[in-house]
Amino acid sequence: MTITERPQSTHKDRVVIRFAGDSGDGMQLAGSQFTAASALFGNDLATLPDFPAEIRAPAGTLPGVSSFQVQIADTDILTPGDSPDVLVAMNPAALKTNLGDVAKGGLILINTDAFEERNLAKAGYDSDPLEDGTLEGFHVLTAPMEELTKLAVKDTGLKGRGVLRSKNFFALGVVSWMFNRPTEPIIDWVNDKFAKLPEVAAANIEALKAGYNYGLTTEEFHFTFDVEPAALPPGEYTNITGNQAVSWGLIAAAKSAGLDLFYGSYPITPASSVLEELARHKNFGVRTFQAEDEIAAVGATLGASFVGHLGATGTSGPGVALKSETISLAMMMELPMIVLNVQRAGPSTGMPTKTEQADLLMALYGRHGEAPLPVIAASTPSDAFDTAIEAGRLAVKYMTPVILLTDGYIANSSEPWRLPDIADLPDIGRPFASPGDGEFLPYLRDPDTLARPWAIPGTPGLEHRLGGLEKQDVTGNVSYDPENHERMTELRERKIARIADDIPPAEVYGSGDILVIGWGSTFGAIREAVNRSTRNDIAAAHLHLRHLNPFPANLGDVLERYDTVLVPELNRGQLSKLLQAEYVKRVVSLPKIQGLPFKAVEIEAKLRELS
Amino acid sequence: MTITERPQSTHKDRVVIRFAGDSGDGMQLAGSQFTAASALFGNDLATLPDFPAEIRAPAGTLPGVSSFQVQIADTDILTPGDSPDVLVAMNPAALKTNLGDVAKGGLILINTDAFEERNLAKAGYDSDPLEDGTLEGFHVLTAPMEELTKLAVKDTGLKGRGVLRSKNFFALGVVSWMFNRPTEPIIDWVNDKFAKLPEVAAANIEALKAGYNYGLTTEEFHFTFDVEPAALPPGEYTNITGNQAVSWGLIAAAKSAGLDLFYGSYPITPASSVLEELARHKNFGVRTFQAEDEIAAVGATLGASFVGHLGATGTSGPGVALKSETISLAMMMELPMIVLNVQRAGPSTGMPTKTEQADLLMALYGRHGEAPLPVIAASTPSDAFDTAIEAGRLAVKYMTPVILLTDGYIANSSEPWRLPDIADLPDIGRPFASPGDGEFLPYLRDPDTLARPWAIPGTPGLEHRLGGLEKQDVTGNVSYDPENHERMTELRERKIARIADDIPPAEVYGSGDILVIGWGSTFGAIREAVNRSTRNDIAAAHLHLRHLNPFPANLGDVLERYDTVLVPELNRGQLSKLLQAEYVKRVVSLPKIQGLPFKAVEIEAKLRELS
Amino acid sequence: MTDTATRYTRQDFQTDQEVRWCPGCGDYTLLATVQNFMASLDIDKEKIVFVSGIGCAARFPYYMETYGMHSIHGRAPAVASGVVVANPELSVWVVTGDGDALSIGGNHLIHAMRRNVNIKVLLFNNQIYGLTKGQYSPTSEAGKTTKSSPMGSIDYPFNPVSLALGAEATFVGRTIDMDRDHMTTMLQAMNDHHGASFLEIYQNCNVFNDKAFLDLTGRDERDHNRIYLEHGKPVLFGPDHGNGVVVEGGNARVATVADVGVDSIHVHNATDLDPGPAFALSRLSHGPYGPTPLGIFRHVSRETYGDLVSAQLVESREQKGAGDLAQLIRQTGTWTVD
Amino acid sequence: MTDTATRYTRQDFQTDQEVRWCPGCGDYTLLATVQNFMASLDIDKEKIVFVSGIGCAARFPYYMETYGMHSIHGRAPAVASGVVVANPELSVWVVTGDGDALSIGGNHLIHAMRRNVNIKVLLFNNQIYGLTKGQYSPTSEAGKTTKSSPMGSIDYPFNPVSLALGAEATFVGRTIDMDRDHMTTMLQAMNDHHGASFLEIYQNCNVFNDKAFLDLTGRDERDHNRIYLEHGKPVLFGPDHGNGVVVEGGNARVATVADVGVDSIHVHNATDLDPGPAFALSRLSHGPYGPTPLGIFRHVSRETYGDLVSAQLVESREQKGAGDLAQLIRQTGTWTVD
Ligand SMILES: Cc1ncc(C[n+]2csc(CCOP(=O)(O)OP(=O)(O)O)c2C)c(N)n1
Ligand SMILES: Cc1ncc(C[n+]2csc(CCOP(=O)(O)OP(=O)(O)O)c2C)c(N)n1
Ligand code: SF4
Ligand code: SF4
Ligand SMILES: [Mg+2]
Ligand SMILES: [Mg+2]
């Protein structure tokens, strides 16, 4: 044992906990159950799951490590935290890959049963880190979790390899005890989830209890942390991931528009769970179409849009590349459609399970010809709900495909979400065209929005043909007239540009000489960094963009007010390029491209450097 | 007859002639034969073919009009001319669509046989333009070309509808006489081309002679123009279109690299003729692969690159969209490949037979993730030869896909090309990797170029695996390591950025306060405009970019020297955006998006406005 | 059905757009046949949708006064799938070429077939890429000299009927542009079929591939070569029905009736759930050369994709009630902060 | 051939990369079988190329100490076509999954087959999308409940063998992961085949679709259900070969030998140029349910795409001489300015 001190039970305003183990060890489950319990307890929280690339990489190896990090707090927090205060390491590989992140003086809970020679070797440890001083400076708590789990479940009837599967519940029990979390919600969940496998349910519950009791009774574990409920704004909350939020947001958008939702997709990490979530809600009239590929997915979606559905198609970078020809067609036919890109680390297949924001320029320019489209991005998991509705609003109102960006981090991490009142959802509907007196003119535009009418098959008298060839203004007939092409190109451009007047002006949070501009999932890290920095006398302001094309109308003016503009992005400076191109003002880019979200401290450091 | 004066035979330094008629009238053939004869005669020249979108639109209609414009000159010229001095109009529709372009006082040669009621109606003429004053201010020459053709060919044995097909040769005969062009080269060509159809050959030749003699003998036609041979730099010349040049350039690139050429493609206007041209040169070891679609075309090409061929794949905008996922893979695997985009008017299907430059931003950013590639563009038809070789050089030297941009205008128009000495072609070869002593490291980079070794299947001892997942530095093994991903992303970026030091600095032509920056096919119009403007005391300079990514290293410095930078482009300002993003300097964009090239006069006018 | 007067005439299905195919193109006949057929139906024309890809054939929707979409190359079956799944009330037709459907679009085609999406695919097979001016297509005969195959094509062509049967299309037929009556019969059968239907139509491209179908259209040849398949009848053809088709052990071959006896002649059963015999018949020719079957190879019933989608929507509502958004967002549990 | 000692052992085909499939995955067996088979060949291993798309199966090349490319989803047949056309000396293998090959990659697959490109396609069919964690695939049985089909899949699955035959593949076979010897025989035949070959391999995904092949692997079931096709032999199966297959008029069906007599049993001819009988056999099962044929359905010879490419290169050189660039750029006529 390398424990040198015994910390006392402590009140904490925030704690970062990371569960790490083999991908077969059930760490995602342990983490999300702890999160759920903390949510119900009333903490504010933010999570960061990190999966290995393989379905199930070989047990015990470094690439096989799966982790789940959660920050719980009694105040409003924005990120899953920069470095864990508590690390649960189920095996040597988990320790090896995660130790570097743990805060100095942090607490490490170790499953000693896994620290035997073979596993140590697989993790690349020459000597046992529990013995060789590697863990100096940390508080180390150990438990032979496998042995104890076996003992705990021996009366449940469960046999064989299955027994050890419950060890994540043992770890969860210890941590629950450590943070004074009630175990009932977890027990309820287990009973529900494993209703058809009562032995498994019983084993998990016994392991959970054993872990809890182990904490309670073992001398070594005689302390707890207290993290009080957070004083969040009053309301009803749920804990939500980005992919859930975007799915529900799409359903809400369809409802708000008075349309049925059609979601055409082809599975791809990290977007698949949107398809899976939507497939479960057919009672909302949602049609999910799992196509043969991304091109068919967007094609079918476009067909559905043509006949009056809210068409949405979701994928990740490689899929967007494939869809781009069809998106261009939708743009030319001026039909509403939502194109969701849950970005992942590229280029090419890249690192599919890791997050990145490097598809922004593709969202703006990844189509042949002049094909401007609205591009919007969600900034947090729950924000994806509202952003999806905004995508639907723009699509229907302006008769245009809309690119909706999230990323792997938003998709899989979660946060408390104050539930909106469904009755308050905006009405984003727009009537279909109905037969008028004269000839139907499919490209006669609304003078305000420049949107053309949406005339759906089945409507007598509005029979018309759409297509990808250049269209004559007003009539929509095929036209090769040079001036017409120029006019139509400008009209399509202006239609999108005008959206700038239909969105809220960019708002600046805080004040200071430096403005930090971000977009998408960097919201939490930037806001946290700006707060910390301001507290430390380097005042900085934060502007977070939901609308990337067009930019809010006042953005240029805002930029003018700051000498220094910092743009942190999980790419090599794509928003920076857009800002410089648009406003001819030099900005400072802070790129990060590691497949991981920013830590607030990284942005804070840059602010210090710039100040 | 509305002829009021009779112009005298004149010496001209340059004349613009446009042949216009129904798409079945053979105007492309008449134009290109006149061009060929003028080339052999020694004129400088530039051409502009303009096809209808349909294979063969209904006879006599406006969309069915096909035209071919050529400027011939006794000096160095750069464009096919802004407005025709001579228009050949084979029917009312051709007159209607082209008359607006004809220079004031220009000469119009009309086939009166086509000016009967039905055709007039199809062209939308209420009254006969030959009679109603429409042609006031032009010199009008008329001939009943169909009647005269019928007469001329009556002894050739040709019968039926085929007879009238020769009327383009009648028109060509008249124009040949008008410009004092020898008819022998045309006759030789006809005999060769129709060797298997001797009756058709005879008919064409008789019609040609009849036209020539009609000019010679008819009183009405008693004048000629003389355009002397141009004092071009000494050398051997041929007349070449852009698609020919790029095809031959690819063959030359392969030869210069000591490789076999593999060209994978799927037919698409206006790129198809590259596939067709290359398919004819299998004796160069060229393998053409007509794939089932663009994705397969680029996929097969990549496969060929993997095994050590110079892989090239050509298409137009919609095809590039489809290829982008695979280009991203090639970029990740760092294999050489040339991706030719013969741009056409978009977005979507757009106007396939019309030209545009609106795929530049897609070339740079149309891929998911950070996927920088070299992008280069040809500026004239013959320049496409050199640019293709440059593409091959960069691809092989830096082990990267290269995007090579031309457009429909370059593809189909022609100009005299001074033949290079084949012996002087650069050596762009780079040896394949050969087995060394130690372990083979597929991602061990050349310290200068950062290129990785090219180890081809069949080489013992160098067995290795490539793929689209992020690779470990040096070994190329799959890696999810965060720092490695950042390092590799930067390495790939730097490899491309470094090319800036391996290309000629940007050169400025002329001097003045305004710098005009262009790229691609706008070269001629810009140069002409700058020359004219400078002659008219508005001095302007011209910088034409071949390399769009990276830019030449000195470009920023050059830009700094000018207060006003004008960027004419056949798009909505894409290069402007790139320049502003890169150099944070405001430029003036001159967009044109009509499916047509710039006229010099349009750029000249803008220069006047800016001065 | 076609002889009952309906409220429509051919003119009702003509648009104000000028038809822009080459003079003499087989597409004109096909357009007229389809327009006439549509006028003969009693379907509200606003319920009809024509979807196409890109190619000469794919211009078709511009000339049909119905709803229509001229989409992009190869993707019509995918777009049409979305159309009909979203609105199963519509009568959805796909017009496509041999390049559009079988080259770039081959995958969407076979997937629409296997899923039995309720779309009607008219494949205008002229064995060439017309719109791009004459390159060989996936149905061009091997050895064909075209612009892109100056030394002859080395691609072995698809037999579209065999391919569609391999993908288990529930309706597979073949006809030829010159035989308007037969084509109309095929259209009627497709109209009546509930599920994916596929019709290969030999269509003459007189500009880039003239006379490709001479064996089936030539005055001297056609009677010898057209094998009209009729459900429930022995497969007989040729002058005086002197020839017939025998299918033995999976091999179909042409025989002289006098030699084998009429009882040995294969009796065609288009409704056989097993596509084996239809496939055997599809092997009688490879391209329109020599004796070639025309008509309905297969016509079976299988649940359509669209019906199954609709059924799940209904079932889901029955099980869970109509979607309630307020409930949905609470489904994973909530807590309240006061 | 496999019993002759060669210079290689299985170890020579193992890479230093850790194999990363789930414990118990059928892919492990397949890897071992392929590695052993490769070691048994007398092909220089630097002449072997494995190309794959994306999926669990598609990880294969990383574990083979040959040249390899882990390309992108669905595109392996296209990439491999380029590889072998550019260098016909190579032995080119494609490893792909049911999603990779039949969903996104269906078109490339059927085109490679019809062109008879000299590639060898190993389709690891686990009837599920493994890598993306368990959505239904184009071979999943109808009604299957998966993550993306919570109410059961409504996609009617492909029969990969029927599809390949419809595309006129020159070699079509089927095997199963558990039967290493049979798989080795198939690999040997593919290796010996010159042209495109296609092997469907039933592969167990124990994580997302465990026991999908129970009818063919279960101790009680397998002997009743495995129909091993052997060229030139009557198609008999089951305990004591008591059952057999009859093919009549294009319909194949299972019969009891005692009932129909052994002479009525279909004698399998894999080399029949007409794919009709092979197709009929492919219809005996639809998925690995009930009596299911394994073995070589079709094995015929047709000129390969690569050979035809090479022949045209030679012919062109013979006709025009080796390419001369100086001549090429002068081919349309030149003039001289002094
Ligand atoms: C993505 C894409 N690739 C290529 C093309 C060019 N293209 C248009 S139609 C066509 C093939 C036409 O052949 P087919 O489908 O047989 O129709 P047809 O013109 O013969 O009626 C091609 C290659 C395109 N429009 N889009
Ligand atoms: C363009 C693209 N779309 C989607 C994906 C996601 N994806 C990867 S593998 C796969 C399917 C895997 O199924 P299968 O081919 O059957 O292989 P298995 O994993 O079952 O071996 C999918 C959908 C991708 N990588 N690329
Ligand atoms: S090219 Fe052929 S298919 Fe196309 S319109 Fe002309 S004749 Fe018809
Ligand atoms: S998910 Fe299935 S197919 Fe993939 S590695 Fe695991 S067991 Fe094998
Ligand atoms: Mg065709
Ligand atoms: Mg699978």
Side-chain angles (χ1 to χ4, degrees), chain A residues 36 39-42 185 229 231-240 244 248 251-252 255 260 262 264 281-287 289 291-293 295-296 299-304 306-309 311 325-326 329 333 419 422 457-469 477-478, chain C residues 15-17 44-52 54 61-62 64-87 89-90 107-108 111 309 312-313 315-326 328-338:
Chain A
L40 289 178
F41 179 78
L232 297 175
E236 193 182 357
Y237 284 80
T238 192
N239 183 43
I240 194 172
Q244 270 173 341
W248 299 351
I251 294 176
K255 186 184 153 70
D260 278 339
F262 184 102
H281 302 300
K282 298 194 203 305
N283 58 328
F284 284 83
V286 177
R287 285 164 183 81
F289 181 73
E292 58 271 26
D293 65 9
I295 302 178
T301 301
L302 185 57
F306 180 50
V307 301
H309 282 232
E325 192 202 4
T326 310
L329 172 66
M333 300 200 304
L419 299 181
I422 295 305
T459 319
L462 302 191
E463 292 84 0
H464 66 288
R465 275 64 54 194
L466 297 176
L469 290 165
N477 290 332
V478 173
Chain C
T15 66
D16 58 357
Q17 298 297 295
D44 300 336
K45 75 175 179 171
E46 68 271 15
K47 297 232 173 88
I48 299 171
V49 182
F50 274 81
V51 180
S52 67
I54 300 286
Y62 289 124
M64 287 297 300
E65 187 55 44
T66 63
Y67 283 91
M69 192 195 293
H70 179 224
S71 76
I72 45 178
H73 200 30
R75 315 306 172 187
V79 171
S81 293
V83 166
V84 80
V85 168
N87 185 349
E89 305 280 279
L90 301 170
N107 205 32
H108 307 307
H111 279 268
V309 168
Q312 290 197 339
L313 292 184
E315 191 188 329
S316 170
R317 276 212 193 86
E318 279 168 2
Q319 284 172 4
K320 306 198 248 174
D324 175 346
L325 199 51
L328 173 67
I329 60 178
R330 284 168 177 82
Q331 73 172 21
T332 52
T334 67
W335 71 97
T336 304
V337 175
D338 318 285

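These numbers come from a predicted model, not from an experiment. Note on naming: letters A, B, ... go to the chains in the order of the sequence lines (proteins, then strands), and numbering restarts at 1 for each one. Basis for what follows: all heavy atoms, side chains included, without hydrogens, waters or symmetry-related copies.
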*Asks:* Against chain A, work out which of C:Glu89, C:Glu318, C:Lys47, C:Lys45 has the most heavy-atom pairs shorter than 4.5 Å and name it.
*Replies:* C:Lys45
*Asks:* Are the side chains of A:Thr301 and A:Phe289 in touch, meaning some heavy atoms are under 4.5 Å apart?
*Replies:* no
*Asks:* Please flag which part of A:Tyr237 lies under 4.5 Å from any non-hydrogen atom of chain C: side chain, backbone, both or neither.
*Replies:*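 Contact with chain C: backbone and side chain both.
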*Asks:* Go through A:Lys255, A:Gln244, A:His281, A:His464 and name the one with the most non-hydrogen pairs under 4.5 angstrom from chain C.
*Replies:* A:His464
*Asks:* Looking at C:Thr15, C:Val51, C:Ile72, C:Asp324, which one has more heavy-atom pairs under 4.5 Å with chain A than the rest?
*Replies:* C:Ile72
*Asks:* I'd like to verify something: which residue of A:Ile240, A:Leu466, A:Leu469 has the highest number of heavy-atom pairs under 4.5 Å with chain C?
*Replies:* A:Leu466
*Asks:* Picking from C:Met64, C:Met69, C:Glu46, which has the most non-hydrogen pairs under 4.5 angstrom with chain A?
*Replies:* C:Glu46
*Asks:* Relative to chain A, which of C:Thr336, C:Leu328, C:Asn87 shows the most heavy atom pairs under 4.5 Å?
*Replies:*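 The residue among C:Thr336, C:Leu328, C:Asn87 with the greatest pair count is C:Leu328.
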*Asks:* Highest number of heavy-atom pairs under 4.5 Å with chain A: which of C:Leu313, C:Ile329, C:Val83?
*Replies:* C:Ile329
*Asks:* Short question: side chain of C:His108, backbone of C:Arg75 - any donor-acceptor pair under 3.5 Å?
*Replies:*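 Looks like no, no N/O pair under 3.5 Å.
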*Asks:* As an exercise: rank A:Thr326, A:Ile422, A:Leu302, A:Asp293 by heavy-atom pairs under 4.5 Å with chain C and give me the winner.
*Replies:*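 Maximum pair count with chain C is reached by A:Ile422.
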*Asks:* For the side chain of A:Thr238 and the backbone of C:Gly333, is there at least one donor-acceptor N/O pair under 3.5 Å apart?
*Replies:*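 At least one qualifying donor-acceptor pair exists.
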*Asks:* Under 4.5 Å, counting heavy-atom pairs only, tell me which of C:Glu65, C:His73, C:Glu315 racks up the most with chain A.
*Replies:*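 It is C:Glu65.
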*Asks:* Just wondering, are more than 12 heavy atoms of other shown residues or ligands nearer than 6.0 Å to NZ in A:Lys282?
*Replies:*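 Enclosed: over 12 neighbouring heavy atoms sit under 6.0 Å from NZ of A:Lys282.
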*Asks:* Is chain C contacted by the side chain of A:Phe262, its backbone, both, or neither, given a heavy-atom distance below 4.5 Å?
*Replies:* side chain
*Asks:* I'd like to know if the side chain of C:Ser71 and the backbone of C:Ser52 have a donor-acceptor N/O pair within less than 3.5 Å.
*Replies:*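 Flag set: sc C:Ser71 to bb C:Ser52 pair under 3.5 Å.
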*Asks:* Which atoms of C:Asp16 are under 4.5 Å from chain A, going by heavy atoms: the side chain, the backbone, both sets, or neither?
*Replies:* side chain
*Asks:* If you count heavy-atom pairs under 4.5 Å between each of A:Gly467, A:Ala39, A:Gly264 and chain C, which one has the most?
*Replies:*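 Option with the greatest count: A:Ala39.
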*Asks:* In terms of heavy-atom proximity below 4.5 Å to chain A, should C:Val309 be classed as side chain, backbone, both, or neither?
*Replies:*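 Answer is side chain: those atoms of C:Val309 sit under 4.5 Å from chain A.
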*Asks:* Please lay out, stage by stage, how C:Leu90 and C:Tyr67 fare under the test side-chain contact (heavy atoms from CB on, under 4.5 Å).
*Replies:* CA-CA 10 Å; C:Leu90 301 170; C:Tyr67 283 91; over 6 Å; no
*Asks:* Between chain C and each of A:Leu419, A:Leu232, A:Ile251, count heavy-atom pairs under 4.5 Å; write down the option with the most.
*Replies:* A:Leu419
*Asks:* Does the side chain of A:Pro460 reach to within under 4.5 Å of the side chain of C:Asp44, using non-hydrogen atoms?
*Replies:* no
*Asks:* Quick one: does A:His309's side chain have a donor or acceptor within less than 3.5 Å of a partner on C:Ala86's backbone?
*Replies:*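 Between the backbone of C:Ala86 and the side chain of A:His309 there is a qualifying donor-acceptor contact (under 3.5 Å).
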*Asks:* Side chain, backbone, both or neither: which part of A:Pro233 has a non-hydrogen atom closer than 4.5 Å to chain C?
*Replies:*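 Interface part for A:Pro233: backbone (N, CA, C, O).
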*Asks:* A:Glu463 side chain to A:Gly461 main-chain N or O, any donor-acceptor pair under 3.5 Å?
*Replies:* yes
*Asks:* According to side-chain contact (heavy atoms from CB on, under 4.5 Å), who are the partners of C:Arg317, at least two apart in sequence or on a separate chain?
*Replies:*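 Per chain and number, C:Arg317 pairs via side-chain contact (heavy atoms from CB on, under 4.5 Å) with A:Asn283, C:Ala322.
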